[in-house]
Each structure stands twice: as structure tokens, then as C-alpha cells.
Engineer: 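Can you keep this structure in mind? I'll have questions shortly.
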Amino acid sequence: MKEKIATSQDFGTENGQSHIQPPDVYKGKEKYIFVSYSHKDYKEVWSIISQLNSDGYRVWYDDGIVPGIEWDEDIADHIKKSFLFIAMMSENYLQSSNCKDELKFANDLKRNRLIIYLTDVELPAAIQMRAGRIQAIYKSKYPNGFFEKLYQTPVISECRGEKPENDKGLSVFPETRNNSEKLTPMLSISSDGREATVLCGDAKVTISERHGSIRQEHVDECLEYIKLEDYYNKQMEPGHLFKVRWMFYDNIDPCNAVGVEYLYDQGQEPKYSKDDVRAMFHDEWEFQSGVFWNVQVTITKVDMKSDYFFEND
């Protein structure tokens with residue numbers, strides 16, 4: 001049996017308590033997040049949506065259905081137009097035919113997708129197969145930093161308006177591409193033309209091409225990652241640093257790789273995991289074009305106060 005379709009009017013008093021105020025629903029034409037959830041989980045989900053709204057994110061969920069519109073038609077239309085589809089996974093979600101239909105539809109459309117596990121549940125084999133390459137966040141693993149983790153998700157920043165003044169987080173893959181700022185690199189190419197070293201500012205990146213020789217588009221892509229490195233490092237606290245070290249191109253197999261090193265001072269604790277860094281340097285532009293970028297991360301503890309570190313970095 002399908003889960004009953006509910007709206008905010010259905011969530012009435014409980015044990016004498018007043019109505020729970022539903023969060024605002026985005027109704028504009030800019031990029032937005034579609035939230036798929038079981039109505040049995042509405043308290044937790046609405047709390048998450050409310051925080052997203054407060055932090056400037058544009059969110060649509062099914063409280064925004066216009067009266068008189070076919071429910072399935074409106075849901076499908078909003079999934080099609082969404083930029084990011086978030087599934088709030090739980091046992092209740094898995095028991096809802098509507099929720100599973102929404103997830104399948106988003107997969108079929110190849111929307112940007114994210115699964116937030118409200119509870120630790122085991123996915124059925126059919127959903128595991130479809131969800132294998134979808135990024136996931138287990139909410140229970142981040143009791144004090146869930147939203148910081150969520151906001152590091154690739155593409156979610158595309159669904160945000162103006163940043164609140166008190167925002168201290170690092171945005172993910174910002175608008176560096178096609179930036180008007182022109183970088184002038186120094187380029188050293190090997191005799192066979194298949195390897196090059198790009199020097200630009202404080203960055204030094206080795207790029208190689210498995211088939212053929214290094215081309216201008218390779219250098220341009222490298223400069224985009226150098227801009228991204230610089231963008232993040234300007235926001236980092238002292239004692240933490242990102243370095244793009246190498247890039248590998250394979251235009252036959254379209255599976256390229258970029259190596260990023262996260263360095264932190266020996267007197268501090270690391271702030272980011274490998275998954276965090278992968279998310280921050282994930283290039284959604286390339287992903288959508290069909291070229292898969294494999295971000296390979298190393299984390300290194302160093303003594304940033306030593307002369308040796310600065311002379312050999």
C-alpha cells in the first residue's frame with residue numbers, strides 16, 4: 001500500500017501540542033534542492049529543511065504542491081527541474097512506494113543525487129544497485145557537524161542564494177571556472193610531449209597524458225585546479241594547506257585523475273578527511289560531460305614552522 005500523501009494541514013496537534021510550522025518552500029526559477037522523504041519522518045526532515053532555508057539554500061518539498069494539481073505530475077515536474085535531489089533515507093522511506101518511485105525517477109533522469117541516512121538502514125539489493133555511486137551522508141556520524149559536512153557536498157552551493165554574514169564554512173567548488181582572473185604559468189614539457197610541469201604562483205603541478213601529447217586544454221584545466229587550490233587556501237586557518245600535486249589524462253578511456261595533498265601542522269589535528277577533500281575538489285562540470293575525474297587524496301602531517309618545509313614544498 002502506498003504511503004498516504006500528506007500536507008502541512010495533516011500534521012496537527014499531538015498530545016495537546018500545537019501544529020508544527022512547516023518550512024518555507026522555494027517557488028522561483030533558480031537552481032533548487034528537491035527533498036524526498038517519508039512523511040513519518042517529517043519532524044526530523046522539516047528541521048533539516050528549516051536549517052537549509054536559514055542558511056540561504058533554495059529547497060522544494062511536497063508541501064509546495066499547488067491545490068488542484070495532480071500529485072504525481074507535480075512531484076515529477078519538480079524532480080525534473082531540480083538541480084540536486086536529496087533522499088532522506090530511513091526504514092520509513094524504504095517502506096514508502098512513493099519515496100522509492102521518486103528515487104528511481106531521479107536516478108533515471110541522472111539528477112545530481114545525495115542520500116542522507118536519517119537512520120542506519122540496509123538498502124535492498126535493487127536500491128543498492130541504483131545507489132552505488134550516489135554520495136551519502138550518515139547523519140548519526142556527525143552529531144555536532146552534520147550541516148558542515150552537508151555543505152561540503154558537491155553542487156549544493158549551486159542551490160544557495162546570498163551567504164549569511166556569519167558563514168565561516170568553505171564553499172564547495174566555487175565559481176572559479178572561466179574566472180576573469182588570468183593566470184600566467186611557466187610550462188616545462190618533456191621531449192616526448194607527454195609530460196609537463198606547470199608552475200604558477202606557489203603551485204607546482206605535474207601533468208601527464210597517457211595517449212598523445214600535452215595540449216593547451218590540459219594546461220587550462222590544470223589552471224582551474226590551481227585557482228581552486230588558491231581559493232580554499234585563502235579561507236583556511238593557519239596550519240592547514242591544500243596542494244594540487246599532479247594530473248593524469250586518459251582521453252581514450254575518459255577517466256582522468258587529479259592528486260591533491262592536504263597538509264596540516266604537527267601541532268594541530270586534521271580538519272578534513274579524504275572524503276571531505278574529494279568532495280571539495282570534485283568537478284561537477286566534468287562529471288556532467290561524461291568525463292569522470294578521480295580525485296586521489298593524501299593527508300600529510302608536517303612541521304610548518306621549519307625552514308625545510310617551506311624550501312621543499
Engineer: Run the side chain to side chain contact (heavy atoms under 4.5 Å, CB included) test against A136 and tell me which residues pass, sequence neighbours left out.
Structural biologist: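 Listed in chain order: I115, Y117.
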
Engineer: Can you confirm whether more than 12 heavy atoms, excluding those of K149, are under 6.0 Å from its NZ atom?
Structural biologist: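 Yes, NZ of K149 has more than 12 neighbouring heavy atoms, counting only those of other groups under 6.0 Å.
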
Engineer: With side-chain contact (heavy atoms from CB on, under 4.5 Å) as the criterion, how do W246 and I207 come out once you've worked through the C-alpha distance, each side chain's angles and the decisive distance to 0.1 Å?
Structural biologist: CA-CA 6 Å; W246 55 265; I207 57 178; over 6 Å; no

Engineer: Who pairs with S50 by side chain to side chain contact (heavy atoms under 4.5 Å, CB included), at least two apart in sequence or on another chain?
Structural biologist: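 If we apply the side chain to side chain contact (heavy atoms under 4.5 Å, CB included) test to S50, skipping adjacent residues, the hits are P23.
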
Engineer: Regarding E102 and S36, do their side chains bring together a donor and an acceptor under 3.5 Å, going by distance alone?
Structural biologist: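 Distance-only check passes for E102 and S36.
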
Engineer: Other residues, nucleotides and ligands only: do more than 12 of their heavy atoms fall within 6.0 Å of CD on Q216?
Structural biologist: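 Enclosed: over 12 neighbouring heavy atoms sit under 6.0 Å from CD of Q216.
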
Engineer: Does any donor atom in the side chain of Y37 or D62 lie under 3.5 Å from an acceptor atom in the other side chain?
Structural biologist: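 Short answer, yes.
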
Engineer: Can we call the ring centroids of F85 and F105 under 6.0 Å apart?
Structural biologist: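 For F85 and F105, the ring centres are not under 6.0 Å apart.
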
Engineer: Among I156, I33, V155, which one satisfies side-chain contact (heavy atoms from CB on, under 4.5 Å) with F83?
Structural biologist: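 Only match with F83 under side-chain contact (heavy atoms from CB on, under 4.5 Å): V155.
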
Engineer: If every non-hydrogen atom of R58 is compared with every non-hydrogen atom of E158, which pair is closest and at what distance?
Structural biologist: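 Minimum heavy-atom separation between R58 and E158: NH2-O, 3.0 Å.
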
Engineer: F281 vs F242 aromatic rings, parallel, tilted or perpendicular, using cut-offs 30° and 60°?
Structural biologist: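 It falls in the perpendicular class, over 60°.
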
Engineer: Within the distance-only criterion (no hydrogens, no angle test), does the side chain of R113 pair as donor or acceptor with the backbone N or O of Q135 below 3.5 angstrom?
Structural biologist: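 Not confirmed, R113 side chain does not pair with Q135 backbone.
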
Engineer: Where do Y32 and D77 come nearest, in terms of heavy atoms and distance?
Structural biologist: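 That would be OH-O, 4.5 Å.
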
Engineer: Does the T119 side chain pair with the main chain of V121, one donor and one acceptor, at a distance under 3.5 Å?
Structural biologist: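 Judged by distance alone, no pair lies under 3.5 Å.
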
Engineer: Is the shortest side-chain N to carboxylate O distance from K301 to D265 below 4.0 Å?
Structural biologist: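 Between D265 and K301 there is no salt bridge, as every charged N stays at least 4.0 Å from the carboxylate O atoms.
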
Engineer: When you measure from the side chain of E229 to the backbone N and O of V244, does any donor-acceptor pair fall under 3.5 Å?
Structural biologist: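 Yes: the side chain of E229 pairs with the backbone of V244.
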
Engineer: Donor-acceptor pair, Y26 side chain versus E30 backbone, under 3.5 Å?
Structural biologist: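 Yes, Y26 side chain to E30 backbone: donor-acceptor pair under 3.5 Å.
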
Engineer: Salt bridge between R278 and D275, side-chain N to carboxylate O under 4.0 Å?
Structural biologist: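 Looking at R278 and D275, the cut-off is met.
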
Engineer: Does a side-chain N-to-carboxylate-O contact under 4.0 Å join E261 and K243?
Structural biologist: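 Result for this pair is no, no salt bridge flagged.
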
